[in-house]
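Below is one structure, written out as structure tokens; the observations come after it.
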Amino acid sequence: MRGFGTPSETLLAVDDAVAIVLDQIKALEAETIPLGEVHRRVLAEDVVAVADVPPADNSGMDGYAVRAADTPGTLRVMGDLPAGRKSLHTLTPGTAVRIMTGAVIPAGADAVAPVEITDGGAQSVHVREAVKPGAHLRRRGEDMRKGSVVLPSGTPLGAGEVGVAASARRATLKVTRRPVVAIVATGDELAPVNEADGMSIVDSNSYALAALVEEAGGIARRSPLVRDDLDATTAAIEHALDADFVITTGGVSVGAYDFVKDALERLGAQMHFWRVAMKPGKPVLFATVRGRTFFGLPGNPVSALVSFTLFVAPAIRKALGQSTAVTAPTVWMKTTARLKGADGRRAYLRVHVVSRDGVLVAEPMRSQGSHVSTSMVKANGLAMIDGDAVEAGGVVPVMLIGAVSGS
Ligand code: AMP
Ligand code: MG
């Protein structure tokens with residue numbers, strides 16, 4: 001049997017550890033995929049407008065295309081113009097064309113009188129108020145100008161961006177490929193979810209981490225469970241190295257049966273850091289192994305999820321091509337209960353962030369033990385405490401890790 005490992009005395013500050021991680025990560029290669037699949041990817045090329053959008057001046061309202069100088073007044077209606085139909089008329093003084101939103105403005109017209117300021121007539125129309133030249137016109141090229149960059153390379157593609165790419169007539173886009181993330185759970189006590197019996201602990205980390213990997217934009221691949229044995233741990237990590245990132249859980253502390261660090265040394269890994277000044281999650285290992293990125297996360301479910309959120313999620317986002325805003329946002333808010341610090345380490349306490357009368361507040365989970373996985377249920381924030389404690393009603397920084405809903 002082995003003895004205990006020797007813990008190093010100096011712990012790395014969380015922010016320094018995050019900087020070390022991000023420094024090692026580069027965007028992966030690009031691939032070209034159909035527009036329908038680009039949501040949540042990051043652009044790896046500039047999208048340029050190939051034509052003016054809109055392609056011609058058109059109406060912003062249902063109403064009448066007019067000559068502004070003729071308003072107010074009664075005008076002869078020369079015809080009807082639904083969206084998508086081209087006008088055959090040219091307006092002469094005293095005439096109008098009934099027009100629908102989006103229809104191209106007929107020649108001679110310089111404004112649209114909305115139907116609301118008219119009597120809505122079909123043969124002739126009375127326009128009650130004066131309209132200014134240019135009123136309710138959407139100008140050609142107002143949205144996009146032919147030749148202009150409408151989405152620069154590096155843009156994360158949300159709904160708005162996907163719509164703009166479609167308007168720029170792009171059926172495919174070049175985006176950064178998603179990192180494949182292998183998840184390797186270690187521990188003699190663990191059993192797969194469908195084989196657990198009396199004394200076993202279900203491997204829940206693999207599933208929760210796989211969900212977080214997908215949320216961050218990666219492709220999760222769960223590996224078989226690994227026993228607490230140096231050969232088995234080494235072989236499992238080596239096998240997982242065909243992924244871009246490898247994450248292990250458990251076996252990374254100083255226990256006599258913690259083999260992740262030794263396995264990495266056997267594989268010739270370059271260690272970047274091992275222990276971080278945070279609670280939960282102190283034993284977190286970050287290394288490069290044969291060109292792959294390796295994270296050794298602790299086994300306790302809360303520690304695993306918190307350390308993933310702090311270190312792995314930003315790394316996945318950067319690999320995905322994102323260059324800014326790779327870490328979760330922090331917002332200051334009041335806590336509804338006392339939050340206790342962690343003696344020189346930064347405490348990350350699970351809270352439920354809710355909107356109360358238009359103001360965000362943090363409701364701490366009742367139990368904060370790193371083994372209490374149910375404390376992650378409904379947790380959409382991590383309150384960060386650097387000092388001793390913050391009393392109820394005090395203001396704390398909260399990292400937002402999930403959607404905030406109303407009360
Ligand atoms: P370790 O970091 O290996 O010392 O693990 C600490 C504790 O975390 C173990 O005693 C287990 O109770 C728990 N644990 C480790 N791995 C997992 C896992 N994959 N799923 C759920 N709990 C785990
Ligand atoms: Mg273990």
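Computed from heavy atoms alone, side chains included, the values below leave out hydrogens, waters and symmetry copies. As the structure is a prediction and not an experimental result, all values here were calculated from the model. Remember, it's 1-based here, ligands and their atoms both numbered in the order they're listed.
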Going by heavy atoms in the side chains, are Y348 and L310 under 4.5 Å from each other?
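Y348 vs L310: side chains touch.
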With heavy atoms of [X] as the reference, note each atom of ligand 1 found under 4.0 Å away.
{"X": "G250", "answer": "1 (P), 2 (O), 3 (O)"}
{"X": "V202", "answer": "20 (N), 21 (C)"}
{"X": "G251", "answer": "1 (P), 2 (O), 3 (O)"}
{"X": "T249", "answer": "19 (N)"}
{"X": "G299", "answer": "2 (O), 5 (O), 8 (O), 13 (C), 14 (N), 15 (C), 16 (N), 17 (C), 22 (N), 23 (C)"}
{"X": "A185", "answer": "19 (N)"}

Which heavy atom of the protein is the closest neighbour of [atom], given with residue, atom name and distance?
{"atom": "atom 19 (N) of ligand 1", "answer": "D203 OD1, 2.8 Å"}
{"atom": "atom 12 (O) of ligand 1", "answer": "I201 CD1, 3.3 Å"}
{"atom": "atom 4 (O) of ligand 1", "answer": "D258 OD1, 4.3 Å"}

Residue-level breakdown please: for [X] versus ligand 1, do any non-hydrogen atoms fall below 4.0 Å on the side chain, on the backbone, on both, or on neither?
{"X": "L190", "result": "side chain"}
{"X": "S204", "result": "both"}
{"X": "E189", "result": "side chain"}
{"X": "N205", "result": "both"}
{"X": "N300", "result": "both"}

Of R177, R221, R290, the residue whose pairing with D244 passes salt bridge (charged side-chain N to carboxylate O under 4.0 Å, His left out)
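That would be R177.
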Can you find a side-chain donor-acceptor pair between D203 and S206 that sits under 3.5 Å?
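Yes - a donor-acceptor pair under 3.5 Å links their side chains.
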Within the side chain of R317, is there an N or O that forms a donor-acceptor pair under 3.5 Å with the backbone of A216?
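No, because the side chain of R317 does not come within donor-acceptor range (under 3.5 Å) of the backbone of A216.
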Check the pair S153 / D46 against side chain to side chain donor-acceptor pair (under 3.5 Å), numbers first and verdict last.
CA-CA 5 Å; S153 182; D46 290 343; 4.9 Å; no
Suppose we screen for side chain to side chain contact (heavy atoms under 4.5 Å, CB included). Which residues come up paired with S367, at least two apart in sequence or across chains?
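S367 satisfies side chain to side chain contact (heavy atoms under 4.5 Å, CB included) with V372 only.
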Using the test side chain to side chain contact (heavy atoms under 4.5 Å, CB included), find all partners of L305 that sit at least two apart in sequence or belong to another chain.
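L305 satisfies side chain to side chain contact (heavy atoms under 4.5 Å, CB included) with A208, L209, L212, M376 once adjacent residues are dropped.
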Do D52 and R139 sit within salt-bridge range, that is, some charged N less than 4.0 Å from a carboxylate O?
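Here D52 does not pair with R139 in a salt bridge, since their nearest N and O are not under 4.0 Å apart.
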Do R292 and F245 meet the cation-pi criteria used here (NZ or CZ under 6.0 Å from the six-membered ring centre, within 45° of the axis)?
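The answer is no, since R292 fails at least one limit relative to F245.
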